[in-house]
2 protein chains.
Amino acid sequence: MYSIGQLADKTGVKVPTIRYYEQIGLIAPPERTAGNQRRYTLAGFQRLSFIRHSRDLGFSLQDTREFLELSGHPDQKCDDAHKIATRHLAVLRQKIAKLMRLEAELERISCCESGKLGDCAVLETLADHSLCKTDH
Amino acid sequence: MYSIGQLADKTGVKVPTIRYYEQIGLIAPPERTAGNQRRYTLAGFQRLSFIRHSRDLGFSLQDTREFLELSGHPDQKCDDAHKIATRHLAVLRQKIAKLMRLEAELERISCCESGKLGDCAVLETLADHSLCKTDH
DNA sequence: TATAATCCCTCTAGTAGGTATAGCTACAAG
DNA sequence: CTTGTAGCTATACCTACTAGAGGGATTATA
């Protein structure tokens with residue numbers, strides 16, 4: 001049995017976040033001691049690790065909820081899990097592509113000579129989109 | 001003079017968002033018609049375009065606020081503007097690197113054969129971090 | 001056993017950056 | 001003059017937490 005603090009240490013999920021997950025129904029309310037403190041089992045630890053991992057990979061809490069639901073029914077086909085993962089991968093790729101375009105643009109405009117603000121490429125570019133060389 | 005809807009169309013910023021920006025003091029309250037409707041000038045349009053552009057480049061509202069402040073004093077050195085942009089560029093690069101690691105991992109685990117959930121690589125990997133091939 | 005340090009409890013409110021809704025009024029076209 | 005679209009305020013809601021107040025529980029040491 002782990003206290004909430006021990007569980008936090010073992011999973012890397014912060015204590016208030018664990019309580020938050022319980023509040024929104026992502027994890028079940030655990031047993032309590034006579035003094036009303038939460039005590040977690042190995043199963044609770046595993047579920048929270050799963051959640052942590054899913055969040056680390058950038059999935060939303062909603063996606064994570066669906067993964068948890070799916071992993072509770074190991075006899076069904078895993079198409080749904082793949083659908084979620086594939087959808088997320090597409091979003092991720094778009095995000096990367098966009099960020100890389102932004103990177104290029106930002107690099108271009110932020111490496112000018114330091115001078116007076118009236119000639120600052122950063123501010124000029126923000127003021128006039130037509131100065132941009134890439135799409136965004 | 002533009003109505004709020006026309007301004008929204010011209011800048012690509014949604015109507016409620018424009019009102020929100022006014023509320024948080026990012027743009028000044030514009031003049032009103034006798035019937036209490038907002039009417040924007042060219043200067044209002046330019047300021048909102050500047051904001052939109054800054055947001056498009058991924059800057060926070062706080063960064064954007066600082067850019068606006070700086071662009072109001074064109075006689076000062078633009079070091080500050082560059083500092084903000086450079087800081088943002090570093091954050092952006094970290095974000096891209098992390099997303100690319102996630103992409104690799106997600107690609108690896110989501111391209112398995114569709115079978116039973118008990119053997120689903122997506123769910124298995126989420127449950128057991130040691131199955132991951134990359135850092136995240 | 002006493003006490004101090006650390007942990008844990010609930011509850012409320014706040015964060016960014018908006019979006020949605022309700023109930024109402026203004027304005028432009030026919 | 002009416003009707004449909006656009007605008008108004010105010011409040012609540014969204015994600016995914018984080019911070020703080022004010023108290024109780026547990027544990028390590030004296």
Side-chain angles (χ1 to χ4, degrees), chain A residues 1-27 29-40 44-45 47-48 50-68 84 87-88 91-92 95 98 102, chain B residues 1-27 29-40 44-45 47-48 50-68 84 87-88 91-92 95 98 102:
Chain A
M1 295 294 238
Y2 318 108
S3 71
I4 197 168
Q6 289 166 339
L7 188 66
D9 286 345
K10 276 180 75 79
T11 58
V13 179
K14 289 179 190 159
V15 168
T17 305
I18 298 174
R19 286 196 278 248
Y20 169 70
Y21 285 166
E22 180 183 327
Q23 190 196 311
I24 64 170
L26 200 63
I27 59 177
E31 286 180 44
R32 302 278 185 137
T33 64
N36 199 34
Q37 298 195 356
R38 291 169 180 83
R39 285 297 177 270
Y40 295 90
F45 160 70
R47 188 176 176 97
L48 190 58
F50 185 107
I51 293 168
R52 171 76 212 264
H53 199 176
S54 175
R55 297 287 301 128
D56 272 352
L57 286 169
F59 290 100
S60 68
L61 286 184
Q62 187 50 49
D63 285 345
T64 304
R65 212 184 274 273
E66 289 172 43
F67 281 139
L68 285 165
I84 298 172
R87 186 184 66 205
H88 183 61
V91 170
L92 204 56
K95 216 178 262 182
K98 176 162 191 205
L102 296 190
Chain B
M1 296 293 239
Y2 318 108
S3 70
I4 197 167
Q6 289 165 341
L7 188 65
D9 286 347
K10 276 179 73 79
T11 59
V13 179
K14 288 180 190 157
V15 168
T17 304
I18 297 174
R19 286 196 279 248
Y20 168 70
Y21 286 166
E22 181 183 327
Q23 191 196 311
I24 64 170
L26 199 63
I27 59 178
E31 286 180 43
R32 302 279 185 136
T33 63
N36 199 35
Q37 297 195 354
R38 291 170 179 82
R39 285 298 177 267
Y40 295 90
F45 160 71
R47 188 177 176 95
L48 189 57
F50 186 106
I51 293 167
R52 172 77 212 264
H53 198 174
S54 174
R55 298 285 301 130
D56 273 352
L57 286 170
F59 290 101
S60 68
L61 286 183
Q62 188 49 48
D63 285 345
T64 304
R65 213 184 273 271
E66 289 172 42
F67 282 139
L68 285 165
I84 298 172
R87 187 184 63 203
H88 183 58
V91 170
L92 204 55
K95 216 179 261 184
K98 175 160 193 205
L102 296 190

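A note on names: the letters A, B, ... follow the listed sequences, proteins ahead of strands, and every chain is numbered from 1.
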TODO: Scan B:Arg32 against the nucleic acid and name what it touches under 4.0 Å (heavy atoms): base, sugar-phosphate only, or nothing.
DONE: sugar-phosphate
Task: Listed nucleotide nearest any side-chain atom of A:Gln37, set C:dA26, C:dT10, D:dA25 - done: D:dA25
Open item on the list: Salt bridge check, A:Arg38 against A:Glu22: does any charged N sit closer than 4.0 Å to a carboxylate O?
Closed with: yes
- [ ] State yes or no: are the ring centers of B:Phe45 and B:Tyr40 separated by less than 6.0 Å?
- [x] no
TODO: For DNA chain D, find the residues of residues 7-17 of chain A with a heavy-atom distance under 4.0 Å and give them by number; none if there aren't any.
DONE: A:Lys14, A:Thr17
Open item on the list: Strictly below 4.0 Å: does B:Thr33 bring a side-chain N or O up to OP1 or OP2 of C:dC27?
Closed with: yes
Task: B:Tyr21 side chain near C:dG18 phosphate (N/O to OP1/OP2, under 4.0 Å) - done: yes
Open item on the list: A quick test of your reading: do over 12 heavy atoms of other residues, nucleotides or ligands sit less than 6.0 Å from CD of A:Glu31?
Closed with: no
Open item on the list: Does A:Arg19 reach a base, just sugar-phosphate, or nothing at all? Heavy atoms under 4.0 Å.
Closed with: base
TODO: Check whether any side-chain N or O of B:Arg39 sits under 4.0 Å from OP1 or OP2 of D:dC8, and answer yes or no.
DONE: no
Task: N/O (side chain, A:Ser3) to phosphate O (OP1/OP2, C:dC8) under 4.0 Å - done: yes
TODO: Give me the one residue out of A:Leu7, A:Ile27, A:Ile18, A:Ile51 that meets side-chain contact (heavy atoms from CB on, under 4.5 Å) with A:Val13.
DONE: A:Ile18
Open item on the list: Here's a test of your reading of the structure: between B:Gly35 and A:Arg55, which maps to the more 5' nucleotide of DNA chain D?
Closed with: B:Gly35
Open item on the list: Without decimals, in angstroms, what is the distance between B:Tyr20 OH and D:dC14 P?
Closed with: 17 Å
Task: Distance, rounded to the nearest Å, where B:Ile4 contributes CD1 and C:dT25 contributes P - done: 19 Å
TODO: Enter the distance from A:Ser54:OG to A:Glu66:CD here, rounded to the nearest 0.5 Å.
DONE: 10.5 Å
Open item on the list: Quick check on C:dC9: is either OP1 or OP2 less than 4.0 Å from any side-chain nitrogen or oxygen of A:Arg38?
Closed with: yes
Task: Sidechain-backbone polar pair: B:Thr64 side chain, B:Ser60 backbone, donor-acceptor under 3.5 Å - done: yes
